[in-house]
Structure formats: structure tokens, C-alpha cells
Amino acid sequence: MFILLGKPLSLLLSFLSIYLNNTTTLAQPDFLYHICENAANYTANSRYQRNLNTTLSTLPTTNNGFGFYNLTTGQGNDTVNSIALCRGDINPDICQSCLNDSTVKLRQLCPNQKEAVGYYDNCLLQYSNQNILRNTRVKSYVFMANSQNSTNIDRFNGDLGPLLRKLRGDASAGGPLQKFATDNTSGPDFSTIYGLVQCTPDLSETQCSDCLEDIINRIALYFNGRVGGRILVPMCNFRYETYRFYNQSDRVTPQPPPPPPPQSPPVLPSSPPVSPPGMHCFFFIGYKLN
Ligand SMILES: *[C@@H]1O[C@H](CO)[C@@H](O)[C@H](O)[C@H]1NC(C)=O
Ligand SMILES: *[C@@H]1O[C@H](CO)[C@@H](O)[C@H](O)[C@H]1NC(C)=O
Ligand SMILES: *[C@@H]1O[C@H](CO)[C@@H](O)[C@H](O)[C@H]1NC(C)=O
Ligand SMILES: *[C@@H]1O[C@H](CO)[C@@H](O)[C@H](O)[C@H]1NC(C)=O
Ligand SMILES: *[C@@H]1O[C@H](CO)[C@@H](O)[C@H](O)[C@H]1NC(C)=O
Ligand SMILES: *[C@@H]1O[C@H](CO)[C@@H](O)[C@H](O)[C@H]1NC(C)=O
Ligand SMILES: *[C@@H]1O[C@H](CO)[C@@H](O)[C@H](O)[C@H]1NC(C)=O
Ligand SMILES: *[C@@H]1O[C@H](CO)[C@@H](O)[C@H](O)[C@H]1NC(C)=O
């Protein structure tokens, strides 16, 4: 459970909104963040709205069997594309209720935007008038960092980098139905670092790997040394903590032989990644309560 406190990133931040509701309501799935894209709007009772309603009510029936959902309806300017992705370790009931919640809530939060993305702990929902599948252009990053720093930052990074890059290889190679991986490694001071990465399965192996590489490289830039963190974009995400936050008895995906280790220094890049122009960043320090 996180309480979110905003901290503007002066360089990149275009706007910042903080949502405290539901992060403290245990009865509902943990809602993390949403982004309404203001580039294109629809009006009440328009064809787009009708298509959006139809799409989101049908989307939960399109499960590919591994918690990925996609549906496109309508034509021309009124085309609505939508996807949903459940975290790879949660059971189908929890997935379904996360979808039920998000399809209602995201429309309320973004009442007239044609494009929006909502992030929960257990699922994400995105809809757009633009094509979503296999589109790797990142418009907005969401960063969430644990407030605690490692007492041994160099060793922590030295253990975290290889873990996340191993998971990147595992998830990328997961095939067309699911791209998800979790594992742990020992960290400094007898700690264990637990990692989770996931891509939407429509991405190719290379697209997934590149997407994860981009966000993993941002650890150094945005929360180097934090004992926990996540970066969320619609097509890939990671999370790491020094406690086990994922379901150990996760679905078993066939693992092909691991790819060769990266030749570049496995820890973190010496030069920070360059942010695409027009990109939005949302940065939160999360104080863990439990
Ligand atoms: C869409 O609506 C939002 C507020 O509801 C507004 O801020 C934004 O400028 C609108 N975008 C366009 C392209 O009209
Ligand atoms: C779409 O659903 C919303 C929320 O249920 C409702 O207010 C709106 O009237 C619906 N619009 C259309 C065109 O069906
Ligand atoms: C689609 O939208 C664009 C830009 O808003 C407009 O120029 C075009 O005429 C629209 N096309 C249709 C078929 O409505
Ligand atoms: C973890 O997996 C077990 C077995 O599939 C399931 O019973 C349990 O509900 C899962 N927990 C979560 C949080 O999904
Ligand atoms: C999700 O919504 C559907 C349709 O409204 C309903 O049949 C189903 O029971 C709901 N599932 C959960 C887990 O809430
Ligand atoms: C962790 O490190 C950051 C950056 O050095 C610092 O701003 C923050 O106060 C530290 N957090 C704690 C709990 O000491
Ligand atoms: C760490 O991961 C291994 C598999 O790589 C697993 O067997 C082990 O139980 C995990 N340890 C903890 C403490 O979760
Ligand atoms: C998206 O949905 C279409 C239509 O059901 C399906 O053919 C396609 O395989 C789905 N794509 C992915 C990546 O799951």
C-alpha cells in the first residue's frame, strides 16, 4: 500500500495530479494512477462515446487465456481501440474484478478524452482512438519509488541490475500469449531483492526487450538506491522490492534457454537515457505502510 506524495520533476514535468482516493480503501483493487490524454476529446452521446461504452463492456470477454484483453470497435474517426493487461501472477477472479472496476472508473476519471490509461496494482486498462497494439511510442511514464534508500547503494544496484536484466530476457522470450517474469536475488545486508517485469504480449520479443531496457535504465536517473520502485508505461513495467510482493505460485510459462548476458556493464548506464520530446513524467515517492 502506497500513499502518494507528488514531487515535480522540473525538467520534464508538464502537469501533475495526485490521487489519494482508493489508495487507502482496502475494499477496492488498489488504484495507482491514471492519465487522460487531452489531444482528442469526444462529446456526450457521440458515436465515439457509444463505441467506447460498447468496447469497454465487451473487452472483459476477450481474455487470451493469460490475462491479456484487446478489442477494437467502430470505424474511421470513431474507432475505439482498447487493451487490458492483468499482472501475470494474479488469479482470474481478481483479474476480472480489476477489469470491471477499471472500465467503469477510467471513464469517470477521463470523462471526455478519447485516449486514457489507468494503472492498478493488478491490471492496466488503455483505450485510444489511435492504434495501440505493437505501438511502442511512450507518451507518459509513471514512476513510483519506495521512500527508503539502501544502506549500500552500490551493492544494491549491482544486485538489482542483473536481476532485472535477467527478467527482461525471460519476459521478452515468453511468446505471443504472455510476457511476464518474476525472480529474486540476494542483496546487501542479508536482504533479498524481488523483481517482476511484464510486457503486453502483442509486442515482439525485441520490442518488449527494448521497452524494458528503457525503463530499467531510468532507475539510475530517477530513483537510484531506493529499496523499491516501479516504472509503468502502457506496454511494459517493472517493480522491485526487498519483500515478496508477487504470488510465488505464479502460472508457469515455458522458459526457453536464457539469452546471452548483455555485453554492456550490467548495472546501470553511465549516461542517463534521453527523454523523448513531449513526454510526460509523473513521479511519486511512496511510503510503505504495511
Ligand atoms: C479536451 O478536454 C480537456 C478538458 O476536459 C481540455 O483541457 C483539452 O484542452 C481538450 N482538448 C482539446 C483538443 O480540445
Ligand atoms: C456511455 O456510458 C456512460 C456511463 O455509463 C453514460 O453516461 C452515457 O450516456 C453512455 N453514452 C452512450 C452514447 O451510450
Ligand atoms: C476525422 O477527423 C479529422 C480531424 O478532426 C477531420 O478532418 C476528418 O474530416 C474526420 N473524418 C471523418 C470521416 O469524419
Ligand atoms: C496466488 O495463486 C493462488 C493459486 O493460483 C491463488 O489461490 C491466489 O488467489 C493467488 N493470489 C493472488 C493475489 O492472485
Ligand atoms: C464483472 O462484471 C461482469 C458483468 O457485469 C459480472 O458478470 C462479473 O461477475 C464481474 N466479475 C467480478 C469478479 O466482479
Ligand atoms: C533517500 O535518498 C534521497 C536522495 O538522496 C533523499 O532525498 C531521501 O530523503 C532519502 N530517503 C530517506 C528515507 O532517507
Ligand atoms: C527465490 O527464487 C527462487 C527461484 O529462482 C525460489 O526457488 C526461491 O524460493 C525464492 N526465494 C524466496 C525467498 O522467495
Ligand atoms: C486481438 O484481438 C484479435 C481479435 O480477437 C485477435 O485476433 C488478436 O490475436 C488479438 N491480439 C493479441 C495480441 O492478443
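This structure is a prediction, so every number in the text was calculated from the model and none was measured. No hydrogens, no waters, no symmetry mates; every other heavy atom, side chains included, goes into these values. Whatever order the structure lists ligands and atoms in, that order sets their numbers, starting from 1.
Of the protein's non-hydrogen atoms, the one nearest atom 9 (O) of ligand 2 is Asn45 OD1, 4.1 Å. Scanning the protein for heavy atoms near atom 12 (C) of ligand 2, the closest one is Asn53 ND2, 3.2 Å. Of the protein's heavy atoms, Gln49 NE2, 4.9 Å lies nearest to atom 7 (O) of ligand 2. Closest to atom 5 (O) of ligand 2 among all protein heavy atoms lies Arg107 NH1, 4.7 Å.
SG distance check for Cys123 and Cys95: not under 2.5 Å.
Remark: Arg239 is positioned above the aromatic ring of Phe245, its terminal NZ or CZ atom under 6.0 angstrom from the ring centre and at most 45 degrees off the axis. Geometrically, Lys114 engages Tyr48 in a cation-pi contact, judged by NZ or CZ lying under 6.0 Å from the ring centre and within 45° of the ring axis. A cation-pi contact links Arg218 to Tyr141, judged by a cut-off of 6.0 Å to the six-membered ring centre and 45° from its axis.
Among Asp183, Thr182, Asn184, the residue whose heavy atom lies closest to atom 11 (N) of ligand 7 is Asn184.
Heavy-atom contacts of Phe68 reach the following atoms of ligand 8: 12 (C), 13 (C), 14 (O) (cutoff under 4.0 Å). Contact atoms of ligand 2 toward Arg50: 13 (C) (distance under 4.0 Å to a heavy atom of the residue). The distance from ligand 8 to the heavy atoms of Asp202 drops below 4.0 Å at these ligand atoms: 13 (C).
With hydrogens and angles ignored, the 3.5 Å screen pairs a side-chain donor or acceptor of Gln49 with a backbone N or O of Asn45. The closest donor-acceptor contact from the side chain of Asn64 to the backbone of Leu177 lies under 3.5 Å.
At least one protein heavy atom sits closer than 4.0 Å to atom 14 (O) of ligand 2.
The aromatic rings of Tyr120 and Phe31 sit perpendicular to each other, their planes meeting at more than 60°, with 30° as the lower class boundary.
Polar contact with ligand 8: present for Asn70 (N/O pair, distance under 3.5 Å).
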